[in-house]
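Down below is the structure, laid out as structure tokens.
Below, read A as the first sequence line, B as the second, and so on, with proteins coming before strands; counting in each chain starts at 1. In this text the structure is predicted, and so the values were computed from the model without any measurement.
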Amino acid sequence: MLLIKRLTSEADVYSLVLLLNKADAPIALDIETTGLSSFKDSLISVAIACHLGSFIIEARHAKHLASLKCPLILHNFKFDYTFLYRKGIDLTHLDCRDTMLMHHLLDENQPHSLDHCIQQYFGDNYKEVFWNTYKTFEDAPEDAQDRYAGLDADYTLKLYNVLCSALKEEGIPNALVKQVHAFAFAMLDTEIQGVNLDVKRVKELGLNNRIRILKLEKDMRESCLQAIETIEGELYARELDKRKTDKGKAAVRRPVFNWGSSQQLQDLLYNRLGLPRQFSILRKQTCDDNALSKLEGQHPVIELLREQRALDKVFNGFLVAALEQQKDGVIYPSFNINGTVTGRISASNPNLQQLPSSGGIRSIYISRPGHSFISADYKQLEVTLAAHFSMDKNLLRVVNEGISLHDLTAEGVGCERTRAKTLNFALTYGAGTKKVAKILGCNLQEAERALARYWRTYPGLKAFIDRCHKWVDLGRGLQNPFGRIRHLHIPADADAYEAAGVKRQAFNSVIQGTGAQLTNNAFTKMAEEIKIKGHGRALFPIHDECLIEIKTEYVDYWAARMKEIMVNEGHLIALRVPLDVSVTGGMHSWED
DNA sequence: TAACGAAGCGCG
DNA sequence: AAAGCGCGCTTCGTTA
């Protein structure tokens with residue numbers, strides 16, 4: 001039976017910390033809060049699990065935990081560290097191991113919540129029972145709260161031991177485990193400090209944007225007024241039909257045509273205006289931008305609509321969102337270290353990785369006074385890695401001699417450069433004959449022949465992709481040079497389509513996963529070095545790019561140093577081809 | 001009213 | 001019958 005004890009006096013908490021420091025054995029720490037927001041919600045308690053059992057520390061005494069010196073184990077430590085930091089309890093100098101990160105390294109396909117991990121390894125469902133009984137944590141009586149928190153911490157500690165041996169057994173290198181943790185620590189800094197937002201500029205851009213959108217919508221309406229009014233009339237009639245009473249009918253407002261509704265838009269374009277119907281690959285009728293591009297010139301509304309859509313996305317997705325999420329001119333994004341199956345990170349609230357790279361939106365993010373942004377990205381990283389893995393003769397020429405991949409493909413296949421470019425992306429992601437036919441604008445037979453010419457140009461690449469497929473068939477997963485494994489297997493009951501889908505992921509996972517780890521490791525080194533030198537800070541990576549914020553007098557130094565660090569990552573995994581990096585620097589806003 | 005999937009689109 | 005990898009966010013429209 002697990003001992004769970006609530007410490008009610010400051011002296012008890014203090015003695016516990018002394019005791020734990022003296023023992024210097026790993027302990028698990030888990031916080032309970034009223035919610036997930038470290039700004040809005042408050043701390044309820046902190047549970048600590050050690051060899052003696054679990055101890056519950058009340059929020060009012062939690063500050064003593066900052067003097068802990070023993071190794072810590074947490075499940076999703078970024079959450080606990082950030083939350084405690086905002087409550088004035090700074091643990092960020094304390095190293096730790098994270099059972100969520102470890103679990104992800106073990107199996108990227110599983111969910112990684114503590115709940116799921118406990119179910120998987122210990123089969124205890126106390127969490128489910130708890131949440132079925134109480135709606136919020138505070139609803140539970142104190143002893144139920146303590147039992148829940150105590151078990152969470154205790155299981156985290158047990159989980160750590162289980163995961164340690166599992167990682168060893170699976171052949172996940174300890175170096176990779178360390179790299180992932182160090183990277184998470186670097187991202188924690190950015191999450192805590194945030195990135196400065198130019199609120200004035202957001203408002204300016206937003207206003208201009210809004211004015212243009214309103215003008216566009218007015219013109220759009222006028223360009224097909226009759227059809228729109230017909231649709232509105234029918235929508236109105238349908239709404240009236242739904243209401244039974246006269247009073248209900250009277251309350252119905254005449255609907256206004258909604259340009260954002262794909263249903264209404266399809267009705268307008270294809271039924272009322274009689275434009276040629278466009279279909280997606282899945283043979284569904286669509287009016288996405290690709291479809292609209294085909295209709296360009298056939299009706300004046302198309303051109304306006306495409307612009308309106310783009311502006312609307314920027315307005316709602318990036319400007320309004322930024323204003324809502326900023327606090328005193330600072331944006332606090334979240335980074336999910338195990339948000340992907342390949343080893344890339346994902347970002348949210350906001351997703352800084354999906355900010356439009358053109359159109360000036362990135363300029364809303366600004367450097368701190370006296371600092372500048374520097375961005376460094378790997379030049380054609382995926383092609384370089386494909387050359388390394390496949391040792392394909394032509395890919396090696398591209399990487400070593402600086403010959404253009406797209407030119408080479410255009411020559412080998414016999415098509416225009418722009419199509420060759422699309423082809424290169426498509427084929428490394430596993431596109432089939434149909435997609436190739438679409439790209440080249442030809443029939444299936446011709447696509448087949450073009451495909452043959454493509455693989456004749458890059459025979460080594462073809463052989464490597466085939467090898468990836470073979471690894472999938474063997475069912476052992478694909479391990480990249482850092483030791484991260486992508487577990488892919490074709491289910492026994494899979495049909496040909498499903499099987500092909502799994503195989504498509506294989507090659508891409510190796511390339512994408514290696515590229516991400518390369519970038520993240522380089523980023524971590526920058527972050528640590530910049531911090532030690534007091535030159536500023538590293539902000540975040542974007543898949544194959546690193547963004548840092550540096551005191552302006554060190555911009556030249558860091559522009560060169562970033563490149564050194566990033567290129568050197570290739571040597572550390574014995575890459576057989578050189579990495580190349582391009583640096584853009586010295587901007588006071590994030591815009592290149 | 002909330003929860004959810006689909007469509008559409010931004011990034012690498 | 002389908003046929004391009006990995007993400008997150010907003011809006012719409014349907015369902016519980």
task: I would like to know whether A:Lys503 and A:Asp473 meet salt bridge (charged side-chain N to carboxylate O under 4.0 Å, His left out); could you show each step before the answer?
output: CA-CA 9 Å; A:Lys503 289 192 170 179; A:Asp473 287 331; 3.3 Å; yes
task: Report the C-alpha distance between A:Arg306 and A:Glu296 in whole Å, list the side-chain angles of each, state the deciding distance to 0.1 Å, and finish with yes or no for salt bridge (charged side-chain N to carboxylate O under 4.0 Å, His left out).
output: CA-CA 9 Å; A:Arg306 293 183 74 190; A:Glu296 193 88 68; 2.7 Å; yes
task: I would like to know whether A:Asn336 and A:Asn338 meet side-chain hydrogen bond (donor to acceptor under 3.5 Å, both in side chains); could you show each step before the answer?
output: CA-CA 5 Å; A:Asn336 190 347; A:Asn338 41 226; 2.9 Å; yes
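Using a 4.0 Å heavy-atom cutoff across all strands shown, A:Ala310 reaches no nucleic acid atom at all. Residue A:Leu381 is out of contact with every strand shown, counting any heavy-atom pair closer than 4.0 Å. If you check every strand for non-hydrogen atoms under 4.0 Å, A:Asp495 touches a base. Among the protein residues, A:Gln512 comes within range of the nucleic acid bases, having at least one heavy atom under 4.0 Å from a base atom. A:Ala347 comes within contact range of the sugar-phosphate backbone alone, with a heavy-atom separation under 4.0 Å but no base atom that close. If you check every strand for non-hydrogen atoms under 4.0 Å, A:Val341 touches sugar and phosphate atoms only. Nucleic acid contact for A:Gln263: sugar-phosphate only, since backbone atoms but no base atoms lie under 4.0 Å from a heavy atom of the residue. Residue contacts for A:Ala500: at a heavy-atom cut-off of 4.0 Å it reaches no nucleic acid atom on any strand shown.
Between the CG atom of A:Leu319 and the C1' atom of B:dG10 there is a distance of 13 Å, rounded to whole Å. Atom NZ in A:Lys503 sits about 21 Å away from atom C1' in C:dG6, given to the nearest Å. Regarding A:Phe425, its CZ atom lies at a distance of 15 Å from the P atom of C:dC5, rounded to whole Å. Remark: P of C:dC7 and CG of A:Asn109 are 10 Å apart, rounded to the nearest angstrom. As a whole-Å value, the separation of A:Asn209 CG from C:dT10 C1' is 15 Å. We find that NZ of A:Lys438 is positioned 11 Å from C1' of C:dA3, with the value rounded to whole Å. The nearest whole Å value for the distance from the CD atom in A:Gln264 to the P atom in C:dT11 is 15 Å. Between A:Leu352 atom CG and B:dC11 atom P the separation is 14 Å, expressed in whole Å.
A sub-4.0 Å separation between OP1 or OP2 of B:dC11 and a side-chain N or O of A:Ser357 is present. Side-chain nitrogen and oxygen atoms of A:Thr286 include at least one within less than 4.0 Å of the OP1 or OP2 phosphate oxygen of B:dG8. At C:dC9, one or more side-chain N or O atoms of A:Asn349 fall inside 4.0 Å of OP1 or OP2 (strictly under the cut-off). When the side-chain nitrogen and oxygen atoms of A:Asn316 are compared with OP1 and OP2 of C:dT11, one or more of them lie within a distance under 4.0 Å. Listed pair A:Gln354 / B:dG12 fails the phosphate criterion, with no side-chain N or O lying under 4.0 Å from OP1 or OP2. At the phosphate of C:dG8, OP1 or OP2 sits under 4.0 Å from a side-chain N or O atom of A:Ser346. Between A:Arg504 and the phosphate of C:dC5, there is a side-chain N or O to OP1/OP2 separation shorter than 4.0 Å. Between A:Thr342 and C:dC7 there is no side-chain N or O to OP1 or OP2 distance below 4.0 Å. For the OP1/OP2 pair of C:dC9 and a distance below 4.0 Å, the side-chain nitrogens and oxygens of A:Lys313 include no atom meeting the criterion. Applying the 4.0 Å criterion to OP1 and OP2 of C:dC12, one finds that A:Asn258 has a side-chain N or O inside that range. Between A:Arg309 and B:dG8, a side-chain N or O to OP1/OP2 separation shorter than 4.0 Å is absent.
Using a cut-off of 4.0 Å between Lys/Arg side-chain N and Asp/Glu carboxylate O, A:Arg272 and A:Glu234 are scored as salt-bridged. Remark: A:Arg221 engages A:Glu232 in a salt bridge, criterion side-chain N to carboxylate O under 4.0 Å. Salt bridge present: A:Asp466 and A:Lys462 bring a charged side-chain N and a carboxylate O closer than 4.0 Å.
Taking atom P in both B:dG8 and C:dA3, the straight-line distance is 15 Å, to the nearest Å.
Checking C:dG13, C:dG6, C:dC9 against the side-chain heavy atoms of A:Ser261 singles out C:dG13 as nearest. Set against B:dG10, C:dG4, B:dA7, the side chain of A:Asn351 has B:dG10 as its closest nucleotide. For A:Asp289, the side-chain atoms get nearest to B:dC9 when compared with the rest of C:dC9, C:dG13, B:dC9. Side-chain atoms of A:Lys434 lie closest to C:dA3 of the nucleotides C:dA3, C:dC5, C:dC7.
Ring-plane geometry between A:Trp131 and A:Phe137 is classed as tilted, the angle between the planes lying from 30 to 60 degrees on a 0 to 90 degree scale.
C:dT10 and B:dA7 make up a base pair, with Watson-Crick or G-U wobble contacts both under 3.5 Å. Look at B:dA2: its Watson-Crick or wobble partner, with both distances under 3.5 angstrom, is C:dT15. Searching all strands for a Watson-Crick or G-U wobble partner of C:dA2 with both distances below 3.5 Å returns nothing.
Other residues, nucleotides and ligands place no more than 12 heavy atoms under 6.0 Å from the CD atom of A:Gln445.
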